[in-house]
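Everything numeric here is computed off the predicted structure, so don't read it as measured data. Letters A, B, ... are given to chains in the order of the sequence lines, protein chains preceding strands, and every chain is numbered from 1.
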Amino acid sequence: MGKDSERTEMNDTPNGTAALVGDQIRVRMAPSPTGYLHIGGARTALFNWLFAKHHSGKFILRIDDTDMARSTDESMHEIYDALRWLGINWDEHYVQSERRSIYDGYVEKLLESGNAYHCYCTPEELEEIRTQARLDKQTRSYDGRCQHLSSEAVERFVAESRKPTVRIKMPDTPIRIDDIVLGSRVIDPATLEDEVIVRSNGMPNYNLTSIIDDAEIQITHVIRGTEHLNNTPKQIAIANALGLKVPQFAHIPLVLDSSGRKMSKRHHGDLVAVNRYREQGYLPEAMLNFVVRLGWSYDDKQEIFSLDELIEKFDIARIGKSGSVFDIKKLEWLNSHYINQLDIAARTDAVIPFWQKEGLLDDATEDRDRLESIVEAIGERLTTLQDIIPQTRYFFTNPDGYDPKAVKKWWGNSEEKRGKTSEILTTVLQILEEIPTFNLQTIEAAIWKYTDENNIKRVAAMQALRIALTGTSFGPSLFDIVVLLGRNETLKRIPKAIAHL
RNA sequence: GCCGCUAUCGUCUAGGGGUCAGGACAGAUGGUUCUCAGCCAUCAAACCGGGGUUCGAAUCCCCGUAGCGGUACCA
């Protein structure tokens, strides 16, 4: 995707000049750049992308940045970055703030045809109208009062230098929505109010720009979260008033937290940020596989899907209607699966940045073979790449302490037991000092000869030694550790542990 | 308040007029190993409630209930 996205970032994709497309499927993802890409956004992007890929259509990225106050460039680039990391590439790219004149033209049309009108109500007045409507148990709050303003009233407002908004006049006939996921329904126009489509500062609003662009860019299917369900009739009304073609809609259920609420930046912070998972050492394959199964399934057996399989098997009709809870345990399972899928070389590559970030590895000076051996020794013990740190720290630095729980259990908490442990470690030290060839086989043979002949439980000796060497009670085969540490380092660490006893 | 959406194990889901309601994650137990992880085996765990329709309802219909979403000059 490299080249394409370079162009994209430089913004030289011609805006508003989409080529003619016939009946090719065209979908879009339209994030507003007000923060990082979040889990739900990633899933929306993926569903759109898969739908496009499955049908050999186009996936379009559109930045909905009409809220100038909240949109930032930084956020826009974070979204590009996260999408790229996931491997979701786009065929076309648009930025709404650069398309202002297009929207202005349509607003002009709406005003001329009488389908929209100026509203001079102040935010305070609107607030009042709202509370009153609520008190009266009304379905709508704004009553369309500015539609019939006398010219004197308008003059007065202008004299007060009130800047009007533009409102769309809602139709009085029912609006039908045929939703691919939710089915068909008819919306009673009495529930629709005349929405603001242009702010008093002249900037058009989401409901206007979104549906205009969908038509302009020739989007065939709008796949988005159900939080937009209530916007759909409004957008259809705008499109109808403008004579624009309406895309097909598919509203996908929300991603929920463990208590069943919508996952949002506001309430969950960076727990929903795709980047956070990247930084913690989740693989894009795992994220994709995880997120696609939230609300979608292929059959009753398959959980693991490669991207190619997903493209082949994705079927929008199989998206469920109810929200799905984000379960980190499932993500972790998938992530460890994909990590284990990596061969040792690739896994080592993946893990090196984490060692470096932790300061355990300076640069590439470290012996590559040793790094790979370490990774190999760790085996299937990584849930995230980040786990490489607690799992391997002792290979790079002296243990800076001994895990108290482990010490209590395996070194013992009585004078007598500690003495015994000390004895064992001293003997092991001696064995390792004197062993002629220092390798896995010789060490294993020598230590087991010692434990078995002296009636010492293997586990007791091994765990005592493990703690001495690593500070912890878990990890790979101890003989692997000893060999990887090397004779010198091993012989240095054992006396330290004995002294600590 | 109003408008709307949804409802199968704790979670993701399969199924969808007659099934022992299936799988996966998580959980529990046992086995294996120097520990942990893993692996193997086993276990536990669900059709929101009430009415219809029907020989038969988790499945179709209605009514509740609950949860969620929206209710901005945000998207």
Any base atoms under 4.0 Å from [X], or only sugar-phosphate, or nothing? Heavy atoms, all strands.
X	result
A:Cys119	nothing
A:Asn340	nothing
A:Pro253	nothing
A:Gly260	sugar-phosphate
A:Ser477	base
A:Ser473	base
A:Ser324	sugar-phosphate
A:His251	nothing
A:Glu380	sugar-phosphate
A:Arg224	nothing
A:Arg261	sugar-phosphate
A:Arg134	base

Side chain of [X]: nearest nucleotide among [options]?
X	options	value
A:Lys329	B:A75, B:A7, B:C25	B:C25
A:Gln463	B:A75, B:C34, B:G70	B:C34
A:Lys137	B:U35, B:G1, B:C73	B:G1
A:Asp300	B:G22, B:U13, B:C73	B:G22
A:Phe479	B:C34, B:C5, B:C73	B:C34
A:Arg381	B:U13, B:A37, B:C73	B:A37
A:Pro123	B:C74, B:C73, B:C34	B:C73
A:Leu182	B:C2, B:G15, B:U6	B:U6
A:Leu478	B:C34, B:G38, B:A75	B:C34
A:Asp64	B:C5, B:A75, B:C68	B:A75

Problem set entry | Lys/Arg N to Asp/Glu carboxylate O, A:Arg62 vs A:Asp64, below 4.0 Å | yes
Exercise. Taking NZ, NE, NH1 and NH2 as the nitrogens, is one of them in A:Arg28 or A:Asp214 under 4.0 Å from a carboxylate oxygen of the other?
Worked result: yes
Checking base pairs now: Watson-Crick or wobble, both atom distances under 3.5 Å. What partners [N]?
N	value
B:G38	B:U32
B:U11	B:A24
B:C48	B:G64

Ignoring backbone atoms, establish whether [X] has a side-chain N or O less than 4.0 Å from OP1 or OP2 of [N].
X	N	answer
A:Lys262	B:G70	yes
A:Arg318	B:G15	yes
A:Asn201	B:C73	no
A:Arg199	B:C74	yes
A:Asn205	B:A72	no

Seminar exercise, completed: Nearest heavy-atom approach of A:Leu86 to A:Met287 is CD2-CB, 3.9 Å
Exercise. What do you reckon, is NZ of A:Lys265 surrounded by more than 12 foreign heavy atoms closer than 6.0 Å?
Worked result: yes
For this session: Start with the C-alpha gap between A:Asp67 and A:Arg70, add the side-chain angles, then the distance that decides, and say whether salt bridge (charged side-chain N to carboxylate O under 4.0 Å, His left out) holds.
Result: CA-CA 6 Å; A:Asp67 185 350; A:Arg70 295 198 308 148; 2.9 Å; yes
Exercise. A:Phe290 ring centre to A:Lys330 NZ or CZ under 6.0 Å, with the angle to the axis within 45°?
Worked result: no
Seminar exercise, completed: RNA chain B nearest-nucleotide lookup for A:Trp333 and A:Thr226: closer to the 5′ end is A:Trp333
Exercise. Counting only N and O atoms by type, is there a donor-acceptor contact under 3.5 Å from the side chain of A:Arg393 to the main-chain atoms of A:Pro399?
Worked result: no
